[in-house]
Amino acid sequence: MHSSIALSLSSPSTICRSDSSNANASNSLTPRSLRFCGLRREAFGFKSSLSTHRLESSNSMRRGFSNRIEASLAGNGAPSSKAFDYDLVIIGAGVGGHGAALHAVDKGLKTAIIEGDVVGGTCVNRGCVPSKALLAVSGRMRELQDEHHMKSFGLQVAAAGYDRQGVADHANNLASKIRSNLTNSMKALGVDILTGFGTILGPQKVKYGDTVITAKDIIIATGSVPMVPKGIEVDGKTVITSDHALKLEFVPQWIAIVGSGYIGLEFSDVYTALGSEVTFVEALDQLMPGFDPEIGKLAQRVLINPRKIDYHTGVFASKITPAKDGKPVTIELIDAKTKELKDTLEVDAALIATGRAPFTKGLGLENINVQTQRGFVPVDGRMRVIDASGELVPHLYCIGDANGKMMLAHAASAQGISVVEQVTGKDHVLNHLSIPAACFTHPEISMVGLTEPQAREKAEKEGFEIAIAKTSFKANTKALAENEGEGIAKLIYRPDNGEILGVHIFGMHAADLIHEASNAIAMGTRIQDIKYAVHAHPTLSEVIDELFKAAKVKANYSSPVAEPVAA
Amino acid sequence: MASLLRYKSPTPLSFSSTISSTISSPRSFSCSPRRYKLPSIQSKIREIFMPALSSTMTEGKIVSWVKSEGDLLSKGEPVVVVESDKADMDVETFYGGILAAIVVNEGETAPVGAPVAFLAETEDEIAEAKAKAKGQSPPNVAASPPPSPPPPAAATSGPRKIIATPYAKKLAKQHKVDINKVIGTGAFGRITPEDVEKAAGITPAPSKSIPAANVVAAPTLVAPQKASPTSFPEIPGSTVVPFTTMQAAVSKNMMESLSVPTFRVGYPVSTAALDALYDKVKPKGVTMTALLAKAAAMALAQHPVVNSTCKDGKSFTYNSSINIAVAVAINGGLITPVLQDADKLDLYLLSQRWKELVDKARAKQLQPHEYNSGTFTLSNLGMFGVDRFDAILPPGQGAIMAVGGSKPTVVTDAEGFFSVKNKMLVNVTADHRIIYGADLAAFLQTFSKIVENPESLTM
């Protein structure tokens, strides 16, 4: 997760800024369409270490650009009459591909989407969507089981129980519903859904099944699959990945979860609510390594310590054998540093949640001289694919998990929209630091931008000061009315100019609360401006309001940010 | 935020104690801050204890020392940041002095109540405090490994593999059970939470999670769930609901009570004065339960035989303290939280203690000694309008008092005048092997006098 944020930091996002604006100006496009979404030098602050690359890319950019403008002038509104079957072909109908397709149609492109499996991809079928169904159940179970919580409302509830199949059906029904919504929305807009496994044959040429089609631009959006480290035997029954776990075929009494990131944490919430005991196996020295340390610490106190969970940190699960012949699942743990065998666990099931690997095999990347890096398709800041010799591959883009920049569904969708903006003649660079992330535990965790250590490192390197503001849910009326006072919000900012560097929230509805901050980062809004925005009372959003108001920005700084956003 | 979490040590909760090298007077045990300013006390080395920052905290981790050795401290200054199971808190010193020696360093943990540092009053005493710290630290180090289970577990993992579930480990730590001595009865010889509870001597309260876990297990085992609604031959269609663990324990105790020869003595007690007192002290958080428990305890102090137990059928066992168990109905079960030393605590402390116990009982956090150390039981059904009832004597106790509701009753006085007075019927069940009719009658008379003249309860 955070490695991907770091990646986006080092990407050459400021390339050819002046170049493209010239091009735009000469084509008499209104400046309004020039959207540097949240692009600010302060946030990126790149040195010119990539200058050679910059030159190359700006050259190819110029080339690509003139073509593009022609195409968009000729092709807007009607199917292009040129040699191409489609203006845009997207390989992979996940959330990223769907977002790109919808926006492409909006921009008047003739669009097709190729899917070899089911529409919706990981998010809808094996990820965010069904897991939210399970978490909705776990949240209610938790509440109903918490007698103290109920009593404090004056409610009386008889023992809460559940029917496993019913819970599993809820998750499955939700996935099918969202899947059909997705399919219908694309069909209704006239996106051709082509069934088959998409392979790139050459520039602007794609094969699915036995059919070959041509497209002016191609987007790779093939996503990812659960990563299973070697030594681990997944049988789909007692040793499982998130793909199996979401079907909830059984609820083990004791499950080991390998990896304590988002996926592991969410599943620990589900399993403990359903009565399982959980053991975390984490390779790093602390649980929840991706989170801001302060948030992680608090989250551990609330989400781990009081629950039926224990953990082993600093160890790898070197060998996992599924249960068979009346023996339990065995997990060999080796020290992450010395590689010595440290312990052997015997549990009823093991969930492998060590991350996700890109799904890029069989894409035919060799046909266009593209070499994947650990399976990821290399791209530049504009999602343009880079080939083995470091050149940009014209008309080929890669978005979402397959490029590994930020493995989140909404990031994929945003990247897709950004690509469509570019191919329709408007330069657009997505600011990955403005993309929020959330973990749907009870309570939720959310974040946008930098963590405190990342911000401190950047501040030291670039010689500015940072400051921290914090507010507590304990002080929020709505949270207290809900008896959910546990939680904090944390703001990392520059006191000299009021720039928001990062916001981290742990507490009720944190995932919904983060957007005020992520939008502010995307729009470049400064604290001294946003603090005057009004929030309805009493709402949880006041936690964020308080946060902005608690920040101490040096008063005499006038904000220059207002103009570009004012459009 | 920080200010919200900041832990201000309330005055009655002193976590420093005084070690006086010259015990000049018995009063030097007093914690009153004024005391140590007297010149008669020569040298004072004080310990800073690991404070109990929450009711569930058994040990604390030192996050950081705000002060370092040699620093001059004044009363109320934060000295150390302690991480409990709930939060990080600044802990302030209760005494001024020089921080002479830190025994527990940053990152280390210590059980609640263990010294973490020593305070010297003057510079001359620093050496002495250091010596004390040294003297203290070996036993302290020796003492600290046993409460923390992991090291011994690691040591014994070679010969015998200990497999305990995460919750079992947590319970073992909470109840200070040595997990290495627990025999696992779960699948694959695992130590389950139930095994630990058994080892800790807890008859598990019907915690909500256990029925939930059963429901969890049932669908996976497919058939057994359907097995429960079996119908018995007598009345077709009836439903059998198995006892929860708590209900099973009640059942067992009730059967055991049949082996004790009991008898009952009733007594009407006028409650006008008690009601008046109750109205007065109610705003201060005093409950009727606390009033009755206090009255019973004071009466028991005068009649120790009623507070005794017959253990073997051959002797009296006189209990040194008066611990009043009070029966409480809790979700289909029955539990008896115990007010220990009810005769010694004042009414307000007793009420406060009772409130804590009830909260803990609801949260299923009662420790074994908090529900099985009773020497006399009080059961009150007056609030339901019950006028009289008799209680079954719990095993291990000499007597139980059943209190009915107070209601207006027509009475005649010595001159034959009628009047209406509030009276409640108190009925005591006792073990006749040790407590005879006259004992009980005398006890009830004393009890009645205390209730009818309740001023003494508030003293």
Side-chain angles (χ1 to χ4, degrees), chain A residues 141 144-148 151 156-167 249-254 256 271-280 297-298 301-302 304-311 323 326-328 342-348 469-472 474-475 485 488-490 550, chain B residues 1-5 54 56 63 83-88 150 153-154 157 161-171 173-174 184 186-190 192-193 205-222 225 244 330-332 358-365:
Chain A
M141 274 301 279
L144 293 173
Q145 282 173 333
D146 188 348
E147 233 173 281
H148 187 69
K151 279 244 169 72
Q156 289 168 354
V157 179
Y162 70 93
D163 161 30
R164 182 201 53 80
Q165 193 55 51
V167 178
E249 275 167 359
F250 95 116
V251 178
Q253 289 196 330
W254 184 5
Y271 279 118
T272 52
L274 298 185
S276 304
E277 295 184 37
V278 170
T279 296
F280 270 120
K297 203 170 172 185
L298 181 63
R301 277 195 194 121
V302 177
I304 310 269
N305 296 348
R307 297 184 181 172
K308 295 175 181 179
I309 302 177
D310 70 347
Y311 49 88
K327 286 196 188 116
K342 269 189 94 173
D343 209 343
T344 306
L345 302 179
E346 289 181 12
V347 292
D348 297 321
K470 282 182 237 173
T471 50
S472 168
K474 280 195 188 79
I488 61 167
K490 173 175 175 179
Chain B
M1 182 69 208
S3 68
L4 277 173
L5 287 183
S54 74
T56 53
V63 177
E83 180 184 311
S84 76
D85 50 345
K86 301 241 160 47
D88 286 353
S157 67
K161 177 98 182 129
I162 303 287
I163 295 185
T165 72
Y167 187 47
K169 280 188 226 160
K170 265 181 195 168
L171 279 176
K173 204 168 178 187
Q174 191 185 330
F188 315 107
R190 244 175 232 169
T192 63
S207 93
K208 277 255 166 90
S209 59
I210 289 165
N214 288 340
V215 182
V216 176
T220 60
L221 299 175
V222 191
Q225 197 196 21
T244 63
I330 262 176
N331 336 301
V358 170
D359 286 347
K360 271 175 137 181
R362 289 208 177 110
K364 301 187 177 66
Q365 281 171 341

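Naming convention: chains lettered A, B, ... in sequence-line order (proteins, then strands); numbering from 1 in each chain.
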Q) Between the side chain of A/Lys470 and the main-chain N/O of A/Ala550, is any donor-acceptor distance below 3.5 Å? A)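 No, because the side chain of A/Lys470 does not come within donor-acceptor range (under 3.5 Å) of the backbone of A/Ala550.
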Q: Kindly indicate whether the side chain of A/Lys308, heavy atoms from C-beta on, has any atom under 4.5 Å from the side chain of B/Pro193.
A: no
Q. Are side-chain heavy atoms of B/Ile163 and A/Trp254 found at a separation under 4.5 Å?
A.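 Sidechains of A/Trp254 and B/Ile163: in contact.
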Where on [X] is there a heavy atom nearer than 4.5 Å to chain B: the side chain, the backbone, both, or neither?
X: A/Val302; answer: neither
X: A/Lys327; answer: backbone
X: A/Asp348; answer: both

Q. Tell me, side chain or backbone of B/Ala187 under 4.5 Å from chain A's heavy atoms, or both, or neither?
A.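 Neither part.
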Q | Listed partners of A/Asp310 passing side chain to side chain contact (heavy atoms under 4.5 Å, CB included), at least two apart | A |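 So A/Asp310 forms a side chain to side chain contact (heavy atoms under 4.5 Å, CB included) with A/Thr279, B/Pro166, B/Lys169.
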